[in-house]
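Everything numeric in this text was worked out from a predicted model, so none of it was measured. Protein chains get the first letters and strands the later ones, always in sequence-line order, with residue 1 at the start of each.
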Number of protein chains: 2
Amino acid sequence: MEESLNSKYSTDEEQIDFGVLDQLLGYKLRRAQLKFFSRFSAACSDLGISPGLFGVLVIVKENPGLTQTAVAQALGNDRSAMVAAVDKLEQMSLIERRPSKKDRRSYALFLTPSGETFSERMIERVIDQEEGQYQRLKDGEKEWLLDVLTRLAN
Amino acid sequence: MEESLNSKYSTDEEQIDFGVLDQLLGYKLRRAQLKFFSRFSAACSDLGISPGLFGVLVIVKENPGLTQTAVAQALGNDRSAMVAAVDKLEQMSLIERRPSKKDRRSYALFLTPSGETFSERMIERVIDQEEGQYQRLKDGEKEWLLDVLTRLAN
DNA sequence: TATTGTTATACTCTATAACTATA
DNA sequence: TATAGTTATAGAGTATAACAATA
């Protein structure tokens, strides 16, 4: 660690004028999302699961038998990115590639038994972590937010 | 282009169960933010300005004379990332590094005259692009969203 | 001809550590 | 001792293009 953790110098950060950035949803979305990702990492990095891998785990858990390409499309990624993700989850013995009976080009993805218990535990942890942030929200704002964000993403 | 743009095969995407992902602010924030970034790029990539460079431009415009480190802290980045960003904006003749009179280790950052007019034009474009998305929102939701996202990011 | 999984590749973003010159 | 700018570097994340096997 090169940097000092308790600097004696003022950063002047509290006096900075953010101009139009304070009125832009794109900027505010980015800042909020970065906070959520770093909180996710703090809560889950010891398990070796990134937010992206967590998404794959949940989609396969809820939709057993999906192909890699279908999972990629559900998450909005390119199928080439799925190879390393499934490789890693398979090395962790959480997921299994079974040859598809209908189409010999593709695999059907399933959680292993330990993948099932692992993902249950992870989901609990992620929900706990999110609930810790709900104190920043008023009654009903979480549901409202989920609805608005879904509309903005479509 | 290897891929066909009008596939005849169903993706089954509309039938996928997203499970807990549909209830997680972190996931929804990421999806919404990715949409905003791709819309930003579609609207502004011809000008050679990414969302990150736009942030630097706005902070320097509103706070002339700041050091690179102060800008980095305002935007939540590491100061090492600021070098390439300021280099690029300087090559585009939008920003200027002036030696600080108080501290010979640091530079004071300013917009050039063309940087001023350029950033005005960019800000208009970014606002126009955002306003195109407000049709997805109901009355008052934008202001409420800015407030909630600010609370979540702190 | 088109699609699946794969590989190679590249580009961006981000963060860390170490260096120099200054403070 | 600490800080500002810099460099080198490395790790994610993401995307494109091409290939073999299969449809």
Looking at A:R79, I'd like to know whether one of its side-chain N or O atoms comes within less than 4.0 Å of OP1 or OP2 on D:dT14. no
From the list B:R125, B:E124, B:E131, B:E130, side-chain contact (heavy atoms from CB on, under 4.5 Å) partner of B:I127 resolves to B:E131
Using a strict 4.0 Å threshold on nitrogen-to-oxygen distance, state whether B:K61 and B:E120 make a salt bridge. yes
Below 4.0 angstrom, N of the basic side chain to O of the carboxylate: do A:R151 and B:E141 qualify? yes
Could you walk me through whether A:I59 and B:L21 pass side-chain contact (heavy atoms from CB on, under 4.5 Å), step by step? CA-CA 9 Å; A:I59 294 294; B:L21 296 182; 4.0 Å; yes
To the nearest Å, give me how far apart CG (B:D87) and P (D:dT7) are. 7 Å
Assess the residue pair A:I16 and B:L66 against the criterion (side-chain contact (heavy atoms from CB on, under 4.5 Å)); give the C-alpha distance rounded to whole Å, side-chain angles, the decisive distance to 0.1 Å, and a yes or no. CA-CA 9 Å; A:I16 284 188; B:L66 278 188; 3.7 Å; yes
Take atom CZ of B:R105 and atom P of D:dT1, then tell me their distance rounded to the nearest Å. 17 Å
Taking the side chain of A:Q68 as heavy atoms from C-beta outward, which of D:dA4, D:dA23, C:dT6 is closest to it? C:dT6
Annotated protein contacts, base or backbone, on nucleotides 10-16 of chain C with a non-hydrogen cut-off under 4.0 Å, one of B, S, - each: ---SSBB
Whole angstrom value for the distance that separates C1' of D:dT6 from CD of B:E90: 14 Å
Expressed in angstrom and rounded to an integer, what is the separation of A:L66 atom CG from C:dG5 atom C1'? 15 Å
Is a side-chain donor-acceptor pair under 3.5 Å present for B:R79 with B:Q73? no
Provide, to the nearest angstrom, the distance between the CZ atom belonging to B:R97 and the P atom belonging to D:dG5. 9 Å
C:dT4 OP1/OP2 closer than 4.0 Å to side-chain N/O of A:R104: no
Please report the distance, rounded to the nearest Å, between OH in A:Y107 and P in C:dT4. 14 Å
Specify the residue among A:A108 and B:K102 whose closest nucleotide of DNA chain C lies further upstream toward the 5′ end. A:A108
